[in-house]
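Written out below as structure tokens is the structure these notes cover.
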Amino acid sequence: MGIFDRLKSGLSRSSRALGENLGSIINRRRLDKETLQELEELLITSDLGLSASADIIANIAQKKIEGEVSEADVKEMLAAEITEKLAAQSGALNPDMHQPFVILMTGVNGAGKTTTIGKLAHKFQNEGKSVMLAAGDTFRAAAIEQLTIWGERANVPVVTTKQGGDAAGLAFDALQQAKTSATDILMIDTAGRLQSNNDLMAELEKIIRVLRKIDPDVPHASLLILDATTGQNALAQAEIFQKSAETSGIIMTKLDGTARGGVLVAIAERLNLPIHYIGVGETADDLLLFDAAIYARALVGLEDIS
Amino acid sequence: MFETLSENLEGIFDRLTGRGALSEKDVDAALQEVRKALLEADVALPVIKDFIASVKPAAVGANVLKSVKPGQQVIKIVHDQLVSMLGEAAPLSFEAVPPVPVMMVGLQGSGKTTSTAKIALRLKNEKKKVLMASLDTSRPAAMEQLRVLGEQIEVETLPIVDGQRPVSIAQRALDAGRLGGFDVVMLDTAGRTNADEALMAELAEIEKNANPKEVLLVADSLTGQEAVTIAEKFSQRVSLSGIVLTRTEGDGRGGAALSMRHVTGVPIKFLGTGEATDKIEAFDAQRIAGRILGMGDVVGLVEKAAETLDAEKAEKMAARMKKGQFTLEDMAEQLKQMQRMGGMAGVLSMLPGNLLGKKAKQLGNLGMDDKELIRQAAIVSSMTQAEKDNPKLLNASRKKRVAAGSGTQVQDVNKLVKMHRQMADMMKKMGKGGLSGMMGALNGTMGGTMGGNLPADLPSGNQMQDFDQLSKQLGGSSFSDPFAGAGSDPFAGAGKSGFPPKKK
Ligand SMILES: Nc1nc2c(ncn2[C@@H]2O[C@H](COP(=O)(O)OP(=O)(O)OP(=O)(O)O)[C@@H](O)[C@H]2O)c(=O)[nH]1
Ligand SMILES: [Mg+2]
């Protein structure tokens, strides 16, 4: 399957609702106040939030488009606006800059951290890089086993300690091992935590502090995993994780469901955080590079990607 | 992060001078703000529309009570309607021949496995014999997760057999439940997106075979607009009997509660309030309604205090306070607690917007930050035990020594001593005063630390009364005494000391 097909099968489900609704609103209509309000509501129901939605609609209203427009025209306009907001925010990870390239994986409980590590391990392995994983979730029951299974699947080593062990110490050991074995990429899993829990956020800071005793430049990427079904709280997640875990980029998971993850647009408006990949399923292959234009077009239900 | 609803409503009603009945125009303007607040709280738009349609008739023509502002009156009407739409808590039903099957369903990562263990533990404590079975054959180590949790809470789990389909595992669990004389068999299914046709069909098949008495949809309270679709799709495929909302201990506004309850019509039965297996509570509509409206979560504040409080120290302190004793050490302990509760900002942000609103932000701007708290703690720790017990001993030379020891100035020490005196006075009143006492104490703290730099419009006694009046209308219980019946069970037995009961 090509990337467009994959994205379509993942995101088209998400976009169907928005696309269908648009169809019912716009059947060659004038872009009057009422139509604009309905468009705004559509954006809101995709979790873009009040301010980002209002912004986009204001930009469209400003164009003062006279006469009737078709559904496709409106979709194009919306997609262009959303793309523009997200464009500066996309980009792949570049793990070639350091060796080992250290990635810290963070996020709230159940967001998809461990699975995403499994997916990335598979991807990097396929690109011929050597990978090591660190089972830094020493809290949740069977979290270590879960990551170990992903390690076996991708055939990469997993550094572990016992459940209840010290996550920062484990991360330290893993980094040392990655250095001695000249591994290309080290990915460190962490326990899920709510950003409102100060103690647990301080623990993330500690992991980073301890890693820096070995190398002041690590982690090279601190990734926040966001669940696409999350609403406006994702903003608070991004803000607070950025402060504590020094988040450098985002991966959004579960875009194979019906949620569209529009809060990404609100986050892009407020924070300077690139979105690297999206998760579109539970298997190792279900990871796609984030592309603002494709995402925006899929979001508004434009299927024909030219 | 957001303007509070009450602030916005105040803005609207500030323009109105006349009192009396609320006109349709006023109500429409107010409901516009309510719509915004609900959207920010992640209530799904179609649900908001239904909600507003049901509130409007109740609000138009309502007489504004003399004692409250029109904005508060609207909030009360909105709050009442919200509480009624959120519905009552409902217990699990076990009226069937044992073993009674309970099935857990929901999206990936919503918290099914943890909730399974939490409910099992609750049932075990109610003297029920529970068997847990994981039907999650897809997520790596999911079965192992439930097994480990079972070990932790000492509840039996179905032995893991590789290669079985979920439907067969459910069958095996029920058989084992019958043979083993279990009262309840909990079936923890794999997470699935409602868009996955094959997996949704599988869920229906499991239900058909196992014929569960309870089918609980486990959903993340941080869910956004999609909550309606999720709830709709799951309730189309299985007959839901209740909802479990997870991660409610965070700072989410919890609008998904209203969305899901409205769409499914089934009660929200439990709230997950933490990662540990005992962190589950019966649903409380009052509390969630306050959260959704951004009125501040007084109950949450109290709870957080209880959680971070060293129970033993608190008991001792409470006992001394009853006798009118409040030492510098007690104060240092309180400052530490405030830090643990997220510092000044954390505490203030949880107080109702009506109460502080913009003023909280002003305080933030004045640099009333946590460094101050840390500094104060340092001052106290530089004192001798005798000085801590009796601050009157602190003469000029002792103060100099304390200042040097804590890296502060003598005037900082003076401020602290003054603050302690004010707080000690307030604490004496706290037995009767509850939150007002605490607010007063807070107020005193600020006055002390900032050397009278306080904005002139901090909540005065008057506003306190206003708020109290409103809160009585809202919940029946007074916020002035949140420990004595703010509505949620953890504090039902709270004593009059102003502290929650000792935690187990
Ligand atoms: N449909 C779908 N499910 C996903 C995706 N990513 C992860 N999941 C599932 O979401 C659930 C939680 O994923 P985990 O990787 O365990 O999440 P986590 O953040 O590590 O969770 P904790 O460690 O418990 O905090 C699992 O069932 C995953 O299979 C995705 O892109 N799509
Ligand atoms: Mg994990």
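Order of the sequence lines sets the chain letters (A, B, ...), proteins ahead of strands, with each chain counted from 1. Values reported hereafter were calculated over all heavy atoms of this structure, with side chains retained and with hydrogens, waters and symmetry mates removed.
Side-chain contact annotation: N233(A) with Q237(A), donor-acceptor N/O pair under 3.5 Å present. At a cut-off of 3.5 Å, with distance as the only test, no side-chain donor of N155(A) or Q125(A) sits close to an acceptor on the other residue.
When heavy atoms are compared at a cutoff of 4.5 Å, I230(B) approaches chain A solely by way of its side chain, counted from C-beta outward. Contact annotation for D47(A): both backbone and side-chain heavy atoms come within less than 4.5 Å of a heavy atom of chain B. At a 4.5 Å heavy-atom cutoff, K112(B) makes no contact with chain A through either its backbone or its side chain. Contacts of T229(B) with chain A are made by side-chain atoms alone, with heavy-atom separations under 4.5 Å and no backbone atom involved. Using a 4.5 Å cut-off between heavy atoms, E151(B) does not touch chain A at all. Heavy atoms closer than 4.5 Å to chain B are found in both the backbone and the side chain of E145(A). Contacts between L50(A) and chain B at a heavy-atom distance below 4.5 Å involve the side chain alone, from C-beta outward. With a 4.5 angstrom heavy-atom cutoff, L200(A) touches chain B only via side-chain atoms. Interface residue D251(B): backbone and side-chain heavy atoms are both found under 4.5 Å from chain A.
The greatest number of non-hydrogen atom pairs below 4.5 Å with chain A, out of Q108(B), E144(B), R147(B), is found for Q108(B). Taking T223(B), N194(B), D220(B), V148(B) one by one and counting their heavy-atom pairs under 4.5 Å with chain A, the maximum is reached by T223(B). Your options are G250(B), G191(B), P140(B), and the one with the most heavy-atom pairs under 4.5 Å with chain A is P140(B). Heavy-atom pairs under 4.5 Å with chain B were tallied for T114(A), T283(A), L194(A); the largest tally goes to L194(A). For chain A, the option among P46(B), A41(B), A44(B), A141(B) with the highest count of heavy-atom pairs below 4.5 Å is A141(B).
If you run side chain to side chain contact (heavy atoms under 4.5 Å, CB included) between S259(B) and each of T264(B), V43(B), I48(B), L45(B), only V43(B) comes through.
Comment: D227(A) engages K254(A) in a salt bridge, judged by a side-chain N to carboxylate O separation of less than 4.0 angstrom. Ion pair R193(A)/E249(B) not flagged as a salt bridge, since none of the NZ, NE, NH1 or NH2 atoms sits closer than 4.0 Å to an Asp/Glu carboxylate oxygen. Using a 4.0 Å cut-off between charged nitrogen and carboxylate oxygen, E239(A) and R270(A) count as a salt-bridge pair.
With rounding to the nearest 0.5 angstrom, the OG1 atom of T248(B) is 5.0 Å from the CG atom of L271(B). Taken from CE in M105(A) to CD1 in I188(A), the straight-line distance is 10.0 Å, to the nearest 0.5 Å.
Closest non-hydrogen pair, V244(B) versus S115(B), comes out as CG1-OG, 4.0 Å.
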